[in-house]
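Here is the structure we will look at, set down as structure tokens.
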Amino acid sequence: MSGGRFSHLLRVLWQAVLVSGSKLWEVPTAPLGFSSNHTTSLEWEPQCQYRHLQDGVRITADIPPKLEGNWVSTRCEVRPGPEFLTRSYTFYPSHLFKALQHYYTDSGCEEPTYSLVVRGKLRLRQASWITRGATETEHHLHKVGIVIHSQGAMHRPAARLPSVCVGLTLGGMVPGHLYELYNAQAGRACLGALGFSMMELGLVRVETQHKPHGGLVQELFFGDVHTDWTKRTYYRPTGYQQPLQNAMHHIHPCPACALVFRASEQRPPVLPHVPALARPSLHGRWVSQRCEARPAVLFLTRDFTFRPDEHSWEGFYHHYSDPSCSQPTFTLQASGHYAQGDPSAKVAGGTEFVFKVTRVSVTILEGATARVLNETRPGSCGKVGGWEVGVEQDVTATDGCTVLGIKLPHKEYELFKTEMDYRRRPLLFIGERPTDGSSPDRPQKRPTSYQAPMVHCGEEDTPTSYHHTNQLKLAASGAKNLPWQPSFVLVLVSLLLLWYDGGTVHSV
Ligand SMILES: *[C@@H]1O[C@H](CO)[C@@H](O)[C@H](O)[C@H]1NC(C)=O
Ligand SMILES: *[C@@H]1O[C@H](CO)[C@@H](O)[C@H](O)[C@H]1NC(C)=O
């Protein structure tokens, strides 16, 4: 990538970062003049209005975060693989922790396979310079044990476990009995074979939602799990997984919370059956429920509209430089067509889709990036010299925008799931992007896990005016099929704003 041309700008930013980042808990955010231990944020309301703090929910995040207490999954979680699990983590004032992970054969977390009991110590280190708003930690595992829940289910973990690790023949493993996989003192280490790691503990954030009429919801975010199985045991997270909620301060109703809270490794939680929606109906508009973080310093909110009768879609990706999504950097608007495939054979409950991007527009909302784009090679990113803050540019004619990693034409292999939340609002889960910033442009790269769910807007919230405009533009330009790599954009911008050091990008 043509990093050299930005080096002056980036060096200046970098120096500013170094100067301001001298204190452990002060987040180095000089480029945008943001510095605080405590951040507030907005929340997307179900009616799809961006409501301000005063009349909506106020979200705060303390740095360093307070982890003490018990934190539980609010639903059946899906990790790359796929793996289906629920988690219950307890942190003690002594810095000791006990993490329970329950794994299942099915996507509804109704048939437990095995549970892991992980004990160790966690210390907070410093505010993360890579993922703003996060805190870096250091953990040491003391013991990890496994309990298998049924003879029938045994083949799954056992297939990956050398028999010596449990000191028994595989056939001899007794359901309900605790076997030690790891013991720091005894030198027993059988975790690698299981693909197990607690690298997720390396990055934490706690958010507190203050409801307008009193009441709290506290959420604990741990680092993301790499989408590539072979990298998960050493990947240092820069994004988050879906949060756990505090067992004392969680959303209501949350049937899963109570079940997960009361469970143990001997009695894993069995979540209530949720009838599957036969085929997902994407119709209408869906928006992010919160400011979302992606690996490598990207904060964004998404806003998609699907029109199944036309097999067409349109998406806005609003990018921000801060974990509260209050400082916009740029917006991508993409549109195109999609085809719905079969239910996924690999990820029960998911459905396969193929997306085509036929048009992309970019609106830069911050000066430094606009200036950089203004200087790109002619024909590589929209109109040369045409970049102004706040002015949308269609980059379809230049087949995307090289420096932003947008390359058209483009196809993506997707995994979608729709589900009702406990308030009977439809939720849409879209596949998780590959952690390495690439795009799922081949069937083999199709996701096996999901991003944070988006919530459905009522019909009255579905904008209609700009759809017509877009269709006109499309017709007028005779648009080809265009491709695109949104996650890469974020890498670029984060690189621009935060993390450039004499030509070396620190990929962590
Ligand atoms: C951030 O928190 C630390 C530790 O709690 C405190 O010492 C420091 O003064 C705080 N800084 C700001 C800017 O609030
Ligand atoms: C981009 O270049 C044009 C033409 O030279 C100029 O008018 C515009 O202000 C530039 N934009 C930025 C953000 O510097």
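Counting starts at 1 for both ligands and their atoms, in listed order.
- For a threshold of 3.5 Å applied to N or O pairs, the pair formed by Trp387 and ligand 2 contains at least one separation below that value.
- The pair Glu77-Arg87 meets the salt-bridge criterion, with a side-chain N (NZ, NE, NH1 or NH2) lying under 4.0 Å from an Asp/Glu carboxylate O.
- Looking at atom 7 (O) of ligand 2, its nearest protein heavy atom turns out to be Glu388 OE2, 3.8 Å.
- When each atom of ligand 2 is checked for a heavy atom of Asn374 under 4.0 Å away, the hits are 1 (C), 2 (O), 3 (C), 8 (C), 10 (C), 11 (N), 12 (C), 14 (O).
- Atom 9 (O) of ligand 2 is flagged as protein-proximal [any protein heavy atom, distance under 4.0 Å].
- Salt bridge Glu352/Lys346: absent, no basic N to carboxylate O contact under 4.0 Å.
- Listed by number with element, the atoms of ligand 2 under 4.0 angstrom from any heavy atom of Ala370 are 13 (C).
- Counted by atom type alone, Gln241 and Arg79 present one or more donor-acceptor pairs between their side chains at under 3.5 Å.
- For the pair Gly385 and ligand 2, the shortest N or O to N or O distance falls below 3.5 Å.
- Applying the side-chain contact (heavy atoms from CB on, under 4.5 Å) test to Pro426 and every residue at least two apart in sequence or in another chain returns Trp286, Met420, His456.
- Distance alone, capped at 3.5 Å, places no donor-acceptor pair between the Thr135 side chain and the Pro64 backbone.
- The protein atom (non-hydrogen) at minimum distance from atom 14 (O) of ligand 2 is Arg371 CG, 3.4 Å.
- Scanning both residues, Arg290 and Pro243, for their nearest heavy atoms gives NH2-CG, 4.0 Å.
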